[in-house]
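The structure under discussion appears below in the form of structure tokens.
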Amino acid sequence: MRTELSEPTAGAGTPATGAPAPSGARAASGNGALARLVGSDTDTFGARHWGTTALLRPGADTGAFRDLLDLDGVDELLSRRGLRTPFLRLARNGSVVGSGDFTGPGGVGAEIGDQVRDDRVAALFGDGSTVVLQALHRVWPGVIDFCTALAEDLGHPVQANAYITPPQSQGFSAHYDVHDVFVLQLAGQKHWRVHAPVHTDPLRSQPWSDHGDAVAARARDDEPVIDRVLEPGDVLYLPRGWLHSATALGDVSAHLTVGVHVVTRYALVESLLALVASDQRLRASLPLGVDLADPEQLAPHLGAVRAALTGALAAVPAEDVSRRVRGRVWSGGRPEPVRPVASAAFARDLAPGDTVRRRLGVHHRLVPGDDRVVLELAEKTLTLPAVVAPALVALLGGGTHTVGGLPGLDADDQVVLVRRLLREGVLVPATA
């Protein structure tokens, strides 16, 4: 295993001045989110680092990712957004603080019992607790837009948490995650110590606590692969399984952890096993009175299962596996937000000359036929006349399209098609 330190480079979607790129432009393209983190040569990142090797990229964003989240935004989330658990948790000295210590009733008109109490959070933070804002890809606009674009670039579902640590405090002891992470330093300084895995490529069912002694020993006894203070704008990439811990230094430190829930080869295994359940030989009962504790009694049945399984696996079409496994990605994140009121008005008044684009993060598959074309989406399937196929291919291929300029249809039919796709959440106004 090797770990590389990359010099800062200007990536697509990252203004050289560090000023925030317009979120609409970034969302419209779906490109540049990954380049903003790892540099413009995303192919090299994919070949040399993705899933295998940690990467530290100093100065990736001279604006310290302020368009995503800053400390003022943290205070707003904690004090004015009505957060509830599990959107917030606190940790101190490696242990999680009970939610009852920082939540309470919402008051009149909000009959809930677990709303975040900003005064209690302030007291706990002042005493050294780390604040963890969870699932920001669902609640904070800048993070929503960025994670939607990054998931489009990666092809894997993405989530985001923020960690705000008081000076000289450590939130969590050395551990590993079961998903890949990008760490974006937002404010202050944080000292990171990173060690190579003790369990490479862990599955979601294989948490670090299963290897707690080995994790503690490596963090205690081995030299770290990365021992570095991250400054605002720095990015650290850690594949799943890499050990890490972090300590804030002389001021409040904040970083955004973007978690990538990678789809693994084991997902194909799980899909194959689910699909071979259609083979009756693999569903047959074992004999009456069989002693499952006796390997000799079990051996002939195990041999029969292996033989049947080999044949059944070979007969599973790749199409069936693809249809099953794609659900992990298609349902793993939500597409770009839609403005319901504005979108409904736009669809109602749609006319030639209006511009639209594909909604970022909408997963789809087109299946052509002789007299129809089927558009498969995450939660529904649309069956449309085959004549709309050229226009559909253009619309789903990306970019901005003008109603009236789509191929294969007259202007009135283009309005009907685009209005349908707007109402189904496939397209959005190009200005959105």
- Is there side-chain contact between Phe45 and Leu34, with heavy atoms separated by less than 4.5 Å? yes
- Query: Does Pro224 offer a backbone N or O that forms a donor-acceptor pair with the side chain of Arg193 under 3.5 Å?
  - Reply: no
- For residues 375-392, which residue pairs qualify under side chain to side chain donor-acceptor pair (under 3.5 Å), counting only residues two or more places apart or in two chains? Arg323-Glu376, Arg326-Glu376, Lys380-Glu424
- Query: Any sub-3.5 Å donor-acceptor pair from Asp153's side-chain atoms to Ala33's backbone N or O?
  - Reply: yes
- Query: Which pair of heavy atoms, one from Ile226 and one from Ala54, lies closest together, and at what distance?
  - Reply: CD1-CB, 4.1 Å
- Query: How many angstroms lie between OG1 in Thr264 and CG in Asp201, if you round to the nearest 0.5 Å?
  - Reply: 8.5 Å
- Item | Short side-chain to backbone donor-acceptor contact, Asp61 and Gly63, under 3.5 Å | yes
- Item | Neighbour count above 12 (heavy atom, 6.0 Å) for Glu319 CD | yes
- Query: Is a side-chain N or O of Arg419 found less than 3.5 angstrom from the main chain of Ala347, in a donor-acceptor match?
  - Reply: yes
- Give every residue pair that meets the ring-ring contact (aromatic ring centres under 6.0 Å, His included) criterion with at least one member in residues 209-233, sequence neighbours excluded. His199-His211
- Item | Residues that Thr85 engages under side-chain hydrogen bond (donor to acceptor under 3.5 Å, both in side chains), provided they are two or more places apart | Asp114
- Task: Show your working on side-chain contact (heavy atoms from CB on, under 4.5 Å) between Leu186 and Val74 and close with a plain yes or no.
- Result: CA-CA 11 Å; Leu186 304 176; Val74 169; over 6 Å; no
- Item | Test ring pair (Phe, Tyr, Trp, His ring centres under 6.0 Å) applied to His156 - qualifying residues, sequence neighbours left out | Trp50
- Query: Is there a donor-acceptor pair closer than 3.5 Å between any side-chain N or O of Asp354 and the backbone N or O of Ala351?
  - Reply: yes
- Query: So, does Arg81 use its side chain to make a donor-acceptor pair with the main chain of Glu76 at under 3.5 Å?
  - Reply: no
- Query: Is a side-chain N or O of His363 found less than 3.5 angstrom from the main chain of Ala378, in a donor-acceptor match?
  - Reply: no
- Query: Under the 3.5 angstrom rule, does the side chain of Arg92 hit a backbone N or O of Asp127 as a donor-acceptor pair?
  - Reply: yes
- Verdict with supporting geometry, Leu375 and Leu396, side-chain contact (heavy atoms from CB on, under 4.5 Å): CA-CA 10 Å; Leu375 176 58; Leu396 297 174; 3.7 Å; yes
- Indicate yes or no: at least one non-hydrogen side-chain atom of Ser322 is less than 4.5 angstrom from one of Arg365. no
- Query: Which atom names give the shortest non-hydrogen contact between His191 and Leu249, and what distance separates them?
  - Reply: CB-CD2, 4.1 Å
- Query: For Tyr176, which residues count as a ring pair (Phe, Tyr, Trp, His ring centres under 6.0 Å) partner, sequence neighbours excluded?
  - Reply: none
- Non-hydrogen side-chain atoms of Phe65 and Val235 separated by less than 4.5 Å: yes
- Task: Specify the closest pair of heavy atoms between Ser245 and Ser173, including all atoms of both residues, with the distance to one decimal.
- Result: CB-C, 4.1 Å
- Give, for atom CG of Leu150 and atom CZ of Phe182, the distance between the pair rounded to the nearest 0.5 Å. 6.0 Å
- Message: Between Asp70 and Arg66 (salt bridge meaning N to carboxylate O under 4.0 Å), is one present in this structure?
- Response: no
- Residue pair Pro335 / Leu360, side-chain heavy-atom distance below 4.5 Å: no
- Task: Kindly indicate, with the supporting measurements, whether the criterion side-chain contact (heavy atoms from CB on, under 4.5 Å) is fulfilled by Leu421 and Leu382.
- Result: CA-CA 10 Å; Leu421 296 177; Leu382 307 182; 4.2 Å; yes
- Heavy-atom side-chain proximity of Arg359 to Val338 below 4.5 angstrom: yes
- Please identify each residue that fulfils side-chain hydrogen bond (donor to acceptor under 3.5 Å, both in side chains) with Asp118, with sequence neighbours left out. none
- How far does CG of Leu236 sit from NE2 of His244, to the nearest 0.5 angstrom? 8.5 Å
- Item | Reported CZ-to-OG1 distance for the pair Arg89 and Thr130, which is rounded to 0.5 angstrom | 10.5 Å
- Task: Please name the pair of heavy atoms, one in Pro429 and one in Arg357, separated by the smallest distance, quoted to 0.1 Å.
- Result: O-NE, 4.1 Å
- Query: Counting distance only, does the side-chain N/O of Arg240 pair as donor-acceptor with the main-chain N or O of Pro202 below 3.5 Å?
  - Reply: yes
- Does anything in residues 251-262 pair up under side chain to side chain donor-acceptor pair (under 3.5 Å), and if so which pairs, sequence neighbours excluded? Gln159-His261, Gln185-Ser253, Lys190-His255, Arg204-His261, His255-Thr257
- Exceeds 12 heavy-atom contacts within 6.0 angstrom, atom CZ of Arg334: no
- Check Val276 against Leu282 and note the closest heavy-atom contact, atom names and distance. O-CD1, 3.7 Å
- Item | Euclidean distance, Leu77 CG relative to Ile164 CD1, rounded to 0.5 Å | 8.5 Å
- Query: Where do Leu417 and Leu384 land on the side-chain contact (heavy atoms from CB on, under 4.5 Å) test, with the steps shown first?
  - Reply: CA-CA 9 Å; Leu417 173 64; Leu384 302 165; 4.3 Å; yes
- Message: Would you say that Arg339 contacts Val341 through its side chain, given a criterion of any heavy-atom pair below 4.5 Å between the two side chains?
- Response: no
- Task: Tell me, please, which residues at least two apart from Arg138 pass side-chain hydrogen bond (donor to acceptor under 3.5 Å, both in side chains).
- Result: none
- Query: Just wondering, do Trp192 and Val183 contact through their side chains at under 4.5 Å, heavy atoms?
  - Reply: yes
- Quick one: does Arg328's side chain get under 4.5 Å of Glu270's, heavy atoms only? yes
- Query: Just how far is it from atom CG of Leu230 to atom CG of Leu184, taken to the nearest 0.5 Å?
  - Reply: 9.5 Å
- Query: Does Val116 have any side-chain contact (heavy atoms from CB on, under 4.5 Å) partners at least two apart in sequence or in another chain, and if so, which?
  - Reply: Leu83, Leu88, Val121
- Message: Checking the side chain of Ser79 only, and the main-chain atoms of Asp75 only, is there a donor and an acceptor separated by less than 3.5 Å?
- Response: yes
- Query: Can you list every side chain to side chain donor-acceptor pair (under 3.5 Å) pair that touches residues 341-352, not counting sequence neighbours?
  - Reply: none
- If you take all heavy atoms of Thr165 and Phe125, which pair is closest and at what distance? C-CE1, 4.0 Å
- Which residues share a side-chain contact (heavy atoms from CB on, under 4.5 Å) with Glu231, sequence neighbours left out: Gln189, Val229, Asp234
Cut-off 3.5 Å, no hydrogens considered: what does the side-chain donor-acceptor table look like for residues 97-108, sequence neighbours left out?
| from | atom 1 | to | atom 2 | distance (Å) |
| --- | --- | --- | --- | --- |
| Thr103 | OG1 | Ser99 | O | 2.8 |

